[in-house]
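Contents: one structure, followed by commentary.
If you read the sequence from its start, that first residue is 1, and numbering goes on from there.
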Amino acid sequence: MAEARREHFGGRLAIIMAMAGSAIGLGNIWRFPYLAGEHGGAAFIFVYIIASIFLSMPIFLAEAIIGRRSHANTYGAMEKLAPGTKWKWLSILTILAPLIIVSYYSVVGGWSIEYLVKSLAFSFNSTPKEEITSMFAGFISQPWMPIVCHTAFLGTCAVILTAGVKSGIEKFSNWSVPILFVLILIILVYSLTLPGAMEGVEYMIKPDFSKIDSEVILAAMGQSFYSLSLGVGTILVYSSYVSKNENLLVSGFGTAIFDLMFALMAGFAVMTAVFSAGVKPGAGPGLIFESLPFVFATMAESAPVVSGVISILFFVTILVSALTSGVSLMEVGVAYLVEEKKMRRGVATFTVFAGTWTLGCLCSLSFGPMNEFRIFGNSLFEFCDWISSNFLMAIGAMLFSLFVGWKMKKSDVYDEFTNGGTLRFNVRCFKAVYFLVRYIAPLVIGIIFLSGLLL
Ligand code: PFF
């Protein structure tokens, strides 16, 4: 049987590393700091942490329960657990959404390759400061180089995926996630020593609760889903490689803690550096590609070598973290093609690569030659980011929790969550988790989602 041939992750740590690899990515280093910057710093972080505990954790567990119960890809999972029902639309949504995400994600991953090369050449030290911010706009609007970098990024993900679940995904995340923590720690310690860094720390820890409105709540909730890779099937598929005797609560909790720690460390590192160079925190998506190189150039005036080294470490961190997430996004499509269309893994990976590469090229061109092409006023890149992170992820997360809360038998959910009643702590938490999954998560997402649409 195909089931017998399915690969499994090698153990608890390998599972957490792979899931944390998916969770930790551009969302932590690129999105989290600029969203926090735009939405009032500590106030945003406060809502983000609350949303992570009460919404994201239960949804993570819901996805993990479906994945491990079915030991199948997103389509196979619905076919096994709800055969012949409309739930198959959920699986179609969760095959398409990660492919849309990885297409534009890879474009940003490509930018980080270019910026790593620039750091290795110590370019931020030699370019006049006034030109640093315009350098980014100049680069992304070119037609060719960003596409070359996007190809290199996506190609690297594909190579890792071709090697398989154990020898590819597991091996890569096993060494890269610990390295990412070491790198971000070095960067953080350095940023905290910069003059004026404390202003950045204050911005991140002193909440101004008057800043919290529905826009902040929506952004924080969306970011929490995005950061934990929820609602688009990656956690489902990774959990389908988890063996029956592992503890899903521990995997979920471990992943969430690593992800939160990394986001906070990256947030503090970026904000302290940004404040110390006198740059505005609410610079938006350009924060790490425009403002930070400016910060590196400012640091280089007094310490050129240290600034050069830190910029290299920073862009390596972004690149590696983005790769582990890109791999998880592509794996959803690969698992579907291998298991449902019976393709060989290499062919399946190439097929996913070809589709996402094409969409990614169009996203990349939307900063330059295709900028005139607009969907509801957005460029293709902005549209893909918006539709996936504000719309598809929220819908997916809501449907996953409805599926576990209302469609699956409660006894099956209990069985999966507590490993047949053998995990004592999980038995004790079951009621609360089930309540959050069945009522709170779908309700809150529904309300916030509607209010966001009506605003
Ligand atoms: N969690 C990733 C990040 O924070 O960068 C992004 C991501 C990966 C989103 C995988 C969704 C996903 F399925």
Side-chain angles (χ1 to χ4, degrees), residues 23-24 26-57 133 184 187-228 230 256-257 259-292 294-295 298 385-386 389-390 393-394 397 440-441 443-455:
I24 294 170
L26 295 170
N28 303 59
I29 315 180
W30 171 59
R31 259 173 143 259
F32 180 78
Y34 89 70
L35 283 174
E38 280 180 341
H39 294 288
F44 173 88
I45 296 175
F46 176 78
V47 183
Y48 173 84
I49 293 178
I50 299 285
S52 299
I53 298 171
F54 293 103
L55 285 180
S56 299
M57 262 313 282
T133 32
I184 199 73
I187 298 168
L188 175 65
V189 169
Y190 176 72
S191 332
L192 286 172
T193 60
L194 292 171
M198 281 311 130
E199 245 186 279
V201 172
E202 231 171 69
Y203 186 76
M204 297 286 283
I205 60 174
K206 267 203 185 152
D208 174 359
F209 290 110
S210 67
K211 289 251 163 65
I212 300 178
D213 56 12
S214 63
E215 203 191 316
V216 172
I217 296 178
L218 193 66
M221 193 181 86
Q223 173 59 16
S224 169
F225 292 171
Y226 191 90
S227 197
L228 271 176
L230 298 181
I257 292 283
D259 184 53
L260 182 64
M261 267 167 43
F262 199 89
L264 291 176
M265 286 160 87
F268 276 102
V270 171
M271 279 306 158
T272 45
V274 157
F275 270 87
S276 105
V279 177
K280 285 207 193 77
L287 188 67
I288 60 169
F289 293 103
E290 289 175 320
S291 310
L292 274 190
F294 181 86
V295 172
T298 312
D385 183 21
W386 177 83
S389 47
N390 288 2
M393 293 187 110
I440 303 300
L443 206 68
V444 173
I445 299 174
I447 293 172
I448 295 183
F449 192 59
L450 279 182
S451 69
L453 280 187
L454 299 179
L455 279 179

For Y190, is there any backbone N or O sitting under 3.5 Å from a side-chain donor or acceptor partner on T193?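 Side chain of T193 to backbone of Y190: a pair is present.
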Strictly distance-based, threshold 3.5 Å: is any side-chain N or O of T272 a donor or acceptor partner for the main-chain N or O of A269?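 Yes; judged by distance alone, with no hydrogens or angles, the pair exists.
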Approximate separation, where rounding is to 0.5 Å, of [X] [atom1] and [Y] [atom2]:
{"X": "Y226", "Y": "D385", "atom1": "OH", "atom2": "CG", "result": "6.0 Å"}
{"X": "L194", "Y": "E199", "atom1": "CG", "atom2": "CD", "result": "12.5 Å"}
{"X": "I50", "Y": "S56", "atom1": "CD1", "atom2": "OG", "result": "11.5 Å"}
{"X": "N28", "Y": "M261", "atom1": "CG", "atom2": "CE", "result": "11.5 Å"}
{"X": "H39", "Y": "Y34", "atom1": "NE2", "atom2": "OH", "result": "8.5 Å"}
{"X": "I445", "Y": "F225", "atom1": "CD1", "atom2": "CZ", "result": "4.0 Å"}

Could you label the plane-to-plane angle of the F275 and Y203 rings as parallel, tilted or perpendicular, counting under 30° as parallel and over 60° as perpendicular?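 It falls in the tilted class, 30° to 60°.
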Non-neighbouring partners of [X] that pass side-chain hydrogen bond (donor to acceptor under 3.5 Å, both in side chains), sequence neighbours left out:
{"X": "S210", "answer": "D208"}
{"X": "S191", "answer": "none"}
{"X": "D213", "answer": "none"}

Could you pull out the closest heavy-atom pair between [X] and [Y], with the gap in Å?
{"X": "M221", "Y": "A51", "result": "CA-CB, 4.3 Å"}
{"X": "I288", "Y": "I29", "result": "CG2-O, 3.5 Å"}
{"X": "I212", "Y": "V47", "result": "CD1-CG2, 3.7 Å"}
{"X": "M271", "Y": "P33", "result": "CE-O, 3.2 Å"}
{"X": "M265", "Y": "L188", "result": "O-CD1, 3.7 Å"}
{"X": "M204", "Y": "G267", "result": "CE-C, 3.5 Å"}

Decide yes or no for W30 and F289: does some side-chain heavy atom of the first lie under 4.5 Å from some side-chain heavy atom of the second?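 They are in side-chain contact.
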How far apart are the C-alpha atoms of E38 and L35, what are their side-chain angles, what is the distance that settles it, and do they pass the side-chain contact (heavy atoms from CB on, under 4.5 Å) test? CA-CA 5 Å; E38 280 180 341; L35 283 174; 4.1 Å; yes
Residues which pass side chain to side chain contact (heavy atoms under 4.5 Å, CB included) with [X], listed by chain and number, not counting sequence neighbours:
{"X": "I440", "answer": "F435, L436, V444"}
{"X": "A277", "answer": "V279, V295, T298"}
{"X": "L260", "answer": "Y48, I49, L264"}

